[in-house]
Amino acid sequence: MNHPPFPHESAALMLEGPGGPLEVAVDPPEGDATAHPVVAVICHPLSTEGGSMHNKVVTMVARALRELGVTTVRFNFRSVGASAGSYDNGVGEQDDLRAVVAWVRAQRPDCQLWLAGFSFGAYVSLRASGALQPQALISIAPPVGRRTWDFDGLQPPAQWLVVQGDADEIVDAQAVYAWLETLADPPQLVRMPDTSHFFHRKLIDLRGAIQHEVRRWLPDGSC
């Protein structure tokens, strides 16, 4: 169970994580999309509030990327679904992400690594990005302003996209915008008007925004 082979078709599998087994879902690019040498690992929202890899925003981010020819890897943090362990406020969850990334890199060493995350998952992927050094990062509604999580000293890659709904009822959109203005190297920012935290009736718009912004990052070749 420690090192299953990387599947060529959509598959569910279990990886050995630092807190026990982790539930993982791998999906190749959509049918007629030209495959690119990229694997994107996507992190889900808050575990204690029902967040999982099946969250509709997470699955839409994955779909948007697969339609561009990217292979996606979703997984459940510790304590979610079939993943073992207990919620750890983003600390152990970074370890979970590192375990998944280590498996991806061992199995697909010639692929670029992209990270993506929604809400709590955006925090975890941002916090881990300095050590993991992904080629690109997508942050959907990062929970800036929550005293629980520290957004100081982050090291996101140069290719970094933030998507934020202006009508987010959970994440303070203005706090996100103010934080981004303090950064020496701010990301590409997409502000979505009249958009709630879970992108109710805006999921297709989210897909289009992601595809429009990251298309130019896609490398040629294979892995």
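This is a predicted model, so every value here is computed, not measured. Values reported hereafter were calculated over all heavy atoms of this structure, with side chains retained and with hydrogens, waters and symmetry mates removed. Numbering of residues begins at 1 and proceeds along the displayed sequence.
- Taking 4.5 Å as the limit, some side-chain heavy atom of Leu113 sits within range of a side-chain heavy atom of Pro134.
- A distance of 9.5 Å separates SG of Cys43 from CD of Gln94, quoted to the nearest 0.5 Å.
- Note on Val80 and Val61: separate hydrophobic clusters, where clusters join Ile, Leu, Val, Met, Phe, Trp and Tyr whose side-chain heavy atoms are under 4.5 Å apart, directly or indirectly.
- Between Phe199 and Val163 the shortest side-chain heavy-atom distance falls below 4.5 Å.
- Judged purely by atom type and a 3.5 angstrom limit, His36 has no side-chain atom pairing as donor or acceptor with the backbone of Val70.
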Verdict with reasoning, Thr72 to Arg63, per side-chain contact (heavy atoms from CB on, under 4.5 Å): CA-CA 8 Å; Thr72 63; Arg63 177 182 171 188; over 6 Å; no

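- The CG atom of Asp205 sits 9.5 Å away from atom CE of Met60, with the distance rounded to the nearest 0.5 Å.
- At a threshold of 4.5 Å between non-hydrogen side-chain atoms, the residues Arg78 and Ser47 do not count as touching.
- Annotation: side chain of Tyr123 is not in contact with side chain of Thr148 (no heavy-atom distance under 4.5 Å).
- For Arg108 (side chain) and Pro37 (main-chain N/O), no donor-acceptor pair under 3.5 Å exists by modelled atom type.
- At least one donor-acceptor pair closer than 3.5 Å links the side chain of Ser83 to the backbone N or O of Asn76.
- In this structure, Ile140 and Ile210 have side chains that are in contact, with non-hydrogen atoms separated by less than 4.5 Å.
- Leu206 contributes atom CG, which lies 9.5 Å from atom CD of Gln211 (distance to the nearest 0.5 angstrom).
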Check against side-chain contact (heavy atoms from CB on, under 4.5 Å), Leu154 and Trp179: CA-CA 12 Å; Leu154 301 176; Trp179 169 63; 3.8 Å; yes

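- What you find for Glu23 and Ala82 is that their closest heavy atoms are OE1-N, 2.8 Å.
- By the 4.5 Å heavy-atom criterion applied to side chains, Val101 and Leu115 are counted as neighbours.
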Verdict with reasoning, Asp185 to Trp160, per side-chain contact (heavy atoms from CB on, under 4.5 Å): CA-CA 10 Å; Asp185 298 302; Trp160 178 26; over 6 Å; no

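- Each of His197, His44, Glu49 was scored for a side-chain hydrogen bond (donor to acceptor under 3.5 Å, both in side chains) with Ser119, with one residue passing: His197.
- Under the 4.5 Å side-chain contact rule for hydrophobic residues, Met53 and Leu203 do not share a cluster.
- Proximity of a side-chain donor or acceptor of Glu67 to a complementary backbone N or O of Glu30 within less than 3.5 Å is not detected.
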Worked verdict on Ser139 versus Phe118 for side-chain contact (heavy atoms from CB on, under 4.5 Å): CA-CA 6 Å; Ser139 303; Phe118 168 46; over 6 Å; no

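- Between Phe120 and Tyr87, the two ring planes are tilted [angle within 30° to 60°].
- If you take CZ on Arg105 and CZ on Arg98, they are separated by 12.0 Å, rounding to the nearest 0.5 Å.
- Side-chain atoms of Thr195 come within 3.5 Å of backbone atoms of Pro193 as a donor-acceptor pair (strictly under, hydrogens ignored).
- Taking OH of Tyr177 as the reference point, atom CG of Asp166 lies at 3.5 Å (rounded to 0.5 Å).
- With hydrogens and angles ignored, the 3.5 Å screen pairs no side-chain donor or acceptor of Glu9 with any backbone N or O of Pro28.
- Residues Phe75 and Leu97 form a side-chain contact, since some pair of their non-hydrogen atoms from C-beta on lies under 4.5 Å apart.
- Classification of Arg74 and Asp27 as a salt-bridged pair holds, one side-chain N sitting under 4.0 Å from a carboxylate O.
- Looking only at distances, a side-chain donor or acceptor of Gln159 sits under 3.5 Å from a matching main-chain atom of Gln135.
- Pairing each heavy atom of Pro45 with each of Val58, the nearest pair is CD-CG2, 3.8 Å.
- In this structure, the side chains of Phe6 and Thr71 come closer than 4.5 Å at one or more pairs of heavy atoms.
- Trp103 contributes a side-chain N or O that, together with a main-chain N or O of Pro4, makes up a donor-acceptor pair within less than 3.5 Å.
- Of all the heavy atoms in Pro142 and Gln164, the pair that sits closest is CD-OE1, 3.9 Å.
- Across all their heavy atoms, Pro21 and Glu16 have their closest contact at N-OE2, 4.0 Å.
- Here the shortest heavy-atom pairing between His212 and Arg216 reads O-NH1, 4.2 Å.
- Rounded to the nearest 0.5 Å, atoms NE2 (His200) and CD (Glu169) are 10.5 Å apart.
- The two residues Val171 and Val144 make their nearest non-hydrogen contact at CG1-N, 4.3 Å.
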